[in-house]
Amino acid sequence: MACVLIFSRLSPFSHRLRGTSICLLSLFLSFLCYCALFPGGAVMQKSGDPTPSCLRADGAKRRLQKSPSCLFPPDARKSSAADEAPHPQADPRRENTPSPAMSHLKFGNKKLPNAIIVGVKKGGTRAVLEFIRIHPDVRAAGTETHFFDRNYDRGLEWYRGLMPRTLESQITMEKTPSYFVTKETPHRISAMSQETKLIVVVRDPVTRAISDYTQTLSKTPDLPSFQDLAFRNQSLGAVDVSWNAIRIGLYALHLENWLRYFPLAQIHFVSGERLITDPAGELARVQDFLGLKRIVTDKHFYFNRTKGFPCLKKPESSGSPRCLGKSKGRTHVQIDRDAIEQLRDFYRPYNVKFYQMVGHDFKWE
């Protein structure tokens, strides 16, 4: 429109101009109109240079680099040689490839556990957890959550937040050995998921009680003697089942509570004794129970004679073997032989009933 107005203004004088002058004037006016309609930045971009106009001039870059139209950051400018190099054709296979920054993202999701080691205290639960988490398809919470016995009022989302991130193909696990003897726990876990797999690590209840007492004594030196706590009247053989160290070993009674909510096939029992003498064998059965390929094998273990307990051989990425903490494998307090025999007599009927319930004789004699 501007060009038309200019020509209309000059037309009365055009007869005074020579043909050549008229031609030059027309070209000049056409150039002015073209520049007005197509700014220089657009011309530069049409020439094949993909760099936005906000990066072409220093003044414009400073003024426009925060504009939404400036798609490239200032440091994305290429050298002149790179600008002149032809751009290769885009590879459609790379369109969905994440940028390098994606490698820093955390993969997987936090899920409620598929399997829980529910007991028992001083049975070998920490060993089972440390051994099974070698498996690449197992991820486990490192600390005891005590959700179903102490923190249930915090809700399942709080519990989920304590879990590690896992991929869809991985199993999420946690272990809290006090669950097995807490009355409310079976119902609460069942309410979360009736498909949860349960692992119970059991041990000779007399040895387990002495180990429990030894641990407590290390923290409370002025604790009464083992016999004073274990018996209401030792001369009569009256055992005090109110003492937690004794009560935990009544496995048959605790299992009855669990079987109200879970079928026996959904509970796997690990022998605490065989876990020491044959850790690979016990872990093979745990892997089968969890539906995992047998990856944790003999090659992962060696027996530490000082601790009297198996340890994990050092992985290639580590400079030292992985043994359980100082509290594992500590020397037990010496207990009077008569007291031990009295406790064995006390536990015998409970043990027999437990063997019948699970279909396996653990030979605790």
Side-chain angles (χ1 to χ4, degrees), residues 106-108 110-111 113-146 162-167 169-180 197-204 207-208 210-212 214-215 218 267-332 362:
K106 294 181 179 179
F107 293 102
K110 293 192 173 189
K111 299 180 294 187
N114 312 90
I116 304 176
I117 302 174
V118 297
V120 297
K121 181 184 178 184
K122 305 308 296 180
T125 57
R126 172 55 62 180
V128 172
L129 184 71
E130 292 301 319
F131 295 164
I132 193 60
R133 72 194 309 180
I134 299 172
H135 201 293
D137 290 335
V138 173
R139 297 293 309 281
T143 58
E144 298 174 6
T145 68
H146 286 280
L162 301 179
M163 297 300 115
R165 292 181 180 274
T166 52
L167 302 177
S169 60
Q170 292 178 314
I171 290 176
T172 301
M173 291 185 66
E174 74 117 329
K175 76 103 176 172
T176 303
S178 57
Y179 287 165
F180 189 65
K197 293 187 175 183
L198 308 168
I199 297 174
V200 186
V201 189
V202 289
R203 184 182 184 185
D204 181 335
T207 307
R208 197 222 65 82
I210 296 172
S211 178
D212 197 340
T214 301
Q215 183 183 53
S218 68
I267 308 175
H268 178 72
F269 298 91
V270 176
S271 167
E273 287 79 18
R274 285 200 306 266
L275 189 62
I276 296 174
T277 59
D278 183 21
E282 283 302 297
L283 265 293
R285 285 181 277 273
V286 171
Q287 291 170 94
D288 292 345
F289 172 70
L290 295 175
L292 299 170
K293 183 179 179 180
R294 289 188 177 185
I295 290 179
V296 184
T297 61
D298 274 322
K299 67 181 181 181
H300 291 95
F301 302 98
Y302 79 96
F303 190 79
N304 186 316
R305 296 187 180 279
T306 301
K307 294 181 70 68
F309 207 85
C311 295
L312 296 171
K313 291 180 180 177
K314 74 173 182 179
E316 295 179 0
S317 59
S318 173
S320 60
R322 287 173 52 193
C323 283
L324 299 180
K326 295 180 180 179
S327 64
K328 310 302 179 183
R330 66 159 61 94
T331 303
H332 289 176
F362 288 88

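Throughout, residue positions are numbered sequentially from 1 according to the sequence presented. All of these numbers come straight from a predicted model, not from anything done at the bench. Quick note: numbers below take in every heavy atom, side chains included, and nothing from hydrogens, waters or symmetry partners.
- To the nearest 0.5 angstrom, Ile116 atom CD1 is 8.0 Å from Thr176 atom OG1.
- To the nearest 0.5 Å, the span separating CG on Leu292 from CD on Gln170 amounts to 10.5 Å.
- The CD1 atom of Ile117 sits 11.0 Å away from atom CG of Leu198, with the distance rounded to the nearest 0.5 Å.
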What's the verdict on side-chain contact (heavy atoms from CB on, under 4.5 Å) for Ile132 and Leu290, showing C-alpha distance, side-chain angles and the deciding distance?
CA-CA 10 Å; Ile132 193 60; Leu290 295 175; 4.2 Å; yes

Practice problem: With side-chain contact (heavy atoms from CB on, under 4.5 Å) as the test, would you mind laying out the steps for Phe303 and Ile276 before giving the verdict? | Solution: CA-CA 8 Å; Phe303 190 79; Ile276 296 174; 4.0 Å; yes

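- Among Glu174, His146, Glu144, the single residue meeting the side chain to side chain donor-acceptor pair (under 3.5 Å) criterion with Tyr179 is Glu174.
- The minimum heavy-atom distance linking Leu275 with Ala127 is given by the pair CD2-CB, 3.8 Å.
- Looking at Lys111 and Thr172, their side chains never bring a donor and an acceptor atom within 3.5 Å of each other.
- Proximity of Val120 to Thr125: side-chain heavy atoms (C-beta onward) are nowhere separated by under 4.5 Å.
- Checked against salt bridge (charged side-chain N to carboxylate O under 4.0 Å, His left out), Lys197 has no partners two or more places apart in sequence or in another chain.
- Under the ring pair (Phe, Tyr, Trp, His ring centres under 6.0 Å) criterion, His135 pairs with no residue at all, not counting sequence neighbours.
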Check the pair Met163, Thr145 against side-chain contact (heavy atoms from CB on, under 4.5 Å), reporting the backbone distance first and the verdict last. CA-CA 9 Å; Met163 297 300 115; Thr145 68; 4.0 Å; yes

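- Among residues at least two apart or in separate chains, salt bridge (Lys or Arg N to Asp or Glu O under 4.0 Å) pairs with a member in residues 280-297 are Arg274-Glu282, Glu282-Arg285, Asp288-Arg294.
- Contact detail for Ser211 and His332: the closest heavy-atom pair is CB-NE2, 3.4 Å.
- If you take CG on Leu167 and CZ on Arg139, they are separated by 8.5 Å, rounding to the nearest 0.5 Å.
- Note that CZ of Arg165 is 6.0 Å distant from NZ of Lys110, once rounded to the nearest 0.5 Å.
- Taking the ring pair (Phe, Tyr, Trp, His ring centres under 6.0 Å) definition, one finds that Phe301 meets it with Phe131, sequence neighbours left out.
- Taking Glu273 as the reference, nothing meets the salt bridge (charged side-chain N to carboxylate O under 4.0 Å, His left out) condition, with sequence neighbours excluded.
- For the atom pair CD (Gln215) and CD1 (Ile210), the distance works out to 14.5 Å, reported to the nearest 0.5 Å.
- Shown here are the salt bridge (charged side-chain N to carboxylate O under 4.0 Å, His left out) partners of Arg208, two or more places apart in sequence or in another chain: Asp212.
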